[in-house]
Amino acid sequence: YLVPVVILIVGPATWVEKFPEARGTRQSPVDIVTSRASSGGSAPPLVWRYSVNHPRSVVNPGYCWRVDENGYDSELRGGPLGSDVYKLQQWHCHWGSVNGEGSEHTVDGRAFSGELHLVHWNTSKYNSFTEAAGQPDGLAVLGVLLMVGSKHDELDKVVRLLPYIQHKGDKVTFSEPLNPANLLPKRIAYWTYPGSLTTPPCTESVTWILFKEPVQVSAEQVRLNLCYYVNGKNV
Ligand SMILES: NS(=O)(=O)c1cc(F)cc(F)c1
Ligand SMILES: [Zn+2]
């Protein structure tokens, strides 16, 4: 008596069918093998400036949450970005279904509880985020590894709004001053590599800049994200 086995493959294994880019040569995320990282040499310093007092929207895109900058001014330049200036478009997070396994990048095989992505696009060369997202030098994403520790006050300005965007497509706008620079670690040492969007369409248009130092968030902040994420209310 053969039990019919249905193997439902949803996720990276099927992305290749719909998104040919996922078969590419510079796919993200990756495991950072620290012993194989070369030193930065004479790269110029990475410089950023964000506006603080403007209305932002927290959106439930169907996975985790996303904060849209609504076109307000900002700048990211230097480091591996050559002479181009990039602008913050949105920032979002990735949390796992189990604490401690939520990050996308791993470091020497180790995963972290979550990972914050600040997504910037190249305003020196392109006229819109959408256009830049299709170009090999179009996007620059700052990656921040999250670990459980003390409460993160700046991030809490978003976490406390999650109960109001429980379903996919929900959006809430807030004007409380918030400085995205406060989401970054104190030490700004980073790894960088040419990669891709980590979710479909997996376009190979991202210069990844992953900070070495994790940022601490409280267990309650992880739980709020997990319950928000795991209850499936947002998918
Ligand atoms: N997770 S990620 O930062 O690579 C990313 C950014 C983006 F703007 C769109 C995506 F689909 C994925
Ligand atoms: Zn991301």
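- You'll find the side chain of Thr34 reaches within 4.5 Å of the side chain of Trp191, heavy atoms only.
- Formation of a donor-acceptor pair under 3.5 Å by the Arg26 side chain with backbone atoms of Val206 is found in this model.
- Side-chain contact annotation: Ser57 with Asp68, donor-acceptor N/O pair under 3.5 Å absent.
- Counting heavy atoms from C-beta on, the side chains of Ser205 and Trp121 never come closer than 4.5 Å.
- Under a hydrophobic clustering in which Ile, Leu, Val, Met, Phe, Trp and Tyr are joined whenever their side-chain heavy atoms come within less than 4.5 Å, directly or via other members, Val85 and Val119 fall into different clusters.
- Cluster membership check: Leu116 shares its hydrophobic cluster with Val148, using side-chain heavy-atom separations under 4.5 Å among Ile, Leu, Val, Met, Phe, Trp and Tyr.
- In plain terms, the two heavy atoms of Asn70 and Pro55 that are nearest each other are ND2-O, 3.0 Å.
- Here CZ of Arg66 is found 12.0 Å from SG of Cys93. Values are rounded to the nearest 0.5 Å.
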Does the side-chain contact (heavy atoms from CB on, under 4.5 Å) test come out yes or no for Leu162 and Asn225, once each step is laid out?
CA-CA 8 Å; Leu162 295 185; Asn225 276 278; 3.5 Å; yes
Just do the salt bridge (Lys or Arg N to Asp or Glu O under 4.0 Å) check on Arg56 and Glu69 with the steps written out, would you?
CA-CA 6 Å; Arg56 291 178 165 91; Glu69 286 293 302; 2.6 Å; yes
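- Clustering ILVMFWY residues whenever any of their side-chain heavy atoms sit less than 4.5 angstrom apart, transitively, puts Trp65 in the very cluster that holds Val172.
- No donor-acceptor pair under 3.5 Å is formed between the side chain of His94 and the backbone N or O of Glu115.
- Note that CG of Leu184 and CG of Leu142 are 6.0 Å apart. Values are rounded to the nearest 0.5 Å.
- Taken from NE2 in His152 to OG in Ser218, the straight-line distance is 10.5 Å, to the nearest 0.5 Å.
- Considering only heavy atoms from C-beta on, Thr207 stays 4.5 Å or farther from Asp137 through its side chain.
- Trp91 has its side chain within reach of Val158: a pair of non-hydrogen atoms, C-beta onward, lies under 4.5 Å apart.
- When all heavy atoms are compared, the tightest approach of Pro180 to Ser51 is CD-O, 4.1 Å.
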Give the intermediate values and the outcome of side-chain contact (heavy atoms from CB on, under 4.5 Å) for residues Tyr193 and Leu210.
CA-CA 9 Å; Tyr193 73 95; Leu210 182 68; 5.9 Å; no
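- Between the side chain of Gln216 and the backbone N or O of Ser150 there is at least one donor-acceptor pair closer than 3.5 Å.
- The hydrophobic cluster containing Leu183 does not contain Val52, counting ILVMFWY residues as joined when their side-chain heavy atoms lie under 4.5 angstrom apart, directly or transitively.
- Val59 has its side chain out of reach of Ile165: every pair of non-hydrogen atoms, C-beta onward, lies at least 4.5 Å apart.
- Nearest heavy-atom pair, Ala140 versus Leu81, reported as atom, atom and distance to 0.1 Å: CB-CD2, 3.8 Å.
- Remark: the backbone N or O of Lys186 is paired with a side-chain donor or acceptor of Glu213 at under 3.5 angstrom.
- Between Leu46 and Gly78 the shortest heavy-atom distance is CD1-O, 3.8 Å.
- Residues Asp73 and Arg49 are in side-chain contact: their nearest non-hydrogen atoms beyond the backbone lie under 4.5 Å apart.
- Here the OH-OH distance, from Tyr86 to Tyr126, works out to 7.5 Å after rounding to the nearest 0.5 Å.
- Looking at Ser124, its side chain never comes within 3.5 Å of a backbone N or O of Asp84 through a donor-acceptor pair.
- Contact of the Trp48 side chain with the Ile188 side chain is registered, since non-hydrogen atoms from C-beta on lie closer than 4.5 Å.
- When all heavy atoms of Met147 and Pro214 are compared, the pair lying nearest together is SD-CB, 3.7 Å.
- Judged by distance alone, the side chain of Glu204 and the main-chain N or O of Thr25 form a donor-acceptor pair under 3.5 Å.
- Enclosure of atom CZ in Arg160 by more than 12 non-hydrogen atoms of other residues, nucleotides or ligands within 6.0 angstrom is indicated.
- No side-chain heavy atom of Phe211 sits under 4.5 Å from any side-chain heavy atom of Leu145.
- In this structure a side-chain-to-backbone donor-acceptor pair under 3.5 Å is missing from Lys125 to Ala132.
- Between His105 and Trp208, the gap from one ring centroid to the other is short of 6.0 Å.
- No donor-acceptor pair closer than 3.5 Å links the side chain of Asn60 to the backbone N or O of Asp170.
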Is there a side-chain contact (heavy atoms from CB on, under 4.5 Å) between Gln135 and Asn122? Walk through the geometry before answering.
CA-CA 9 Å; Gln135 310 294 330; Asn122 188 332; over 6 Å; no
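- In this structure, the separation between CD on Glu21 and CH2 on Trp15 is 13.5 Å, given to the nearest 0.5 Å.
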Run the side-chain hydrogen bond (donor to acceptor under 3.5 Å, both in side chains) test on Gln221 and Asp156 for me, step by step, so that the C-alpha distance in whole Å, both residues' side-chain angles and the decisive distance to 0.1 Å come before the verdict.
CA-CA 7 Å; Gln221 287 176 315; Asp156 215 52; 2.8 Å; yes
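- Using modelled atom types, no side-chain atom of Thr203 and backbone atom of Leu197 make a donor-acceptor pair closer than 3.5 Å.
- Atom CD of Gln90 is separated from atom CG of Leu118 by 9.0 Å, given to the nearest 0.5 angstrom.
- Among all heavy-atom pairs drawn from Lys171 and Thr173, the shortest one is CE-OG1, 4.2 Å.
- Tyr72 and His54 have parallel rings, their planes meeting at less than 30° on a 0 to 90° scale where 60° marks the start of perpendicular.
- Ser196 places a side-chain N or O within 3.5 Å of a backbone atom of Ser28 that can act as its donor or acceptor partner.
- In terms of hydrophobic clustering, with Ile, Leu, Val, Met, Phe, Trp and Tyr side chains grouped at heavy-atom distances under 4.5 Å, Phe174 and Tyr164 are assigned to a common cluster.
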